[in-house]
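The block underneath contains the structure these notes are about, expressed in structure tokens.
Keep in mind the model is a prediction, meaning the values are calculated, not measured. Heads up: numbering here begins at 1 and tracks the sequence.
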Amino acid sequence: FNVRRAFLGIAGTVYGDWGYEFTANFADNRGGGSNIQAANLTYTGVPDFTFIAGVTQPKLTLEDSTSSNDI
């Protein structure tokens, strides 16, 4: 069978100000096996700022922020 989207991940918050996310893409859509979609740590302890370190997809435009599922 052909799977278009097959994401498996975990995300959460630790100690109130720290967050984590790990998401892997298991769909065989690029000729290879699985790949990492997101693996990052976030810190939200400074008001009005979120610091992100790791592998993430930046949301710079409205097109990046919306999914093709909603179109």
Identify every side-chain donor-acceptor pair in residues 13-20 under 3.5 Å, counting partners at least two apart or on other chains, and give the distances.
none

> Among all residues two or more places apart in sequence or in another chain, which pass the side-chain contact (heavy atoms from CB on, under 4.5 Å) test with Phe51?
Replying inline: Tyr43, Val46, Phe49
>> Ile52: which residues meet the side-chain contact (heavy atoms from CB on, under 4.5 Å) condition with it, sequence neighbours left out?
In response: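 side-chain contact (heavy atoms from CB on, under 4.5 Å) list for Ile52, sorted by chain: Asn40, Thr42, Thr50, Thr56.
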> Quick one: CG on Asn25 to CG on Leu8, what's the gap to the nearest 0.5 Å?
Replying inline: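 If we round to the nearest 0.5 Å, Asn25:CG and Leu8:CG are 10.5 Å apart.
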>> I need the minimum non-hydrogen distance between Val55 and Gln37, along with the two atoms involved.
In response: CG1-O, 4.2 Å
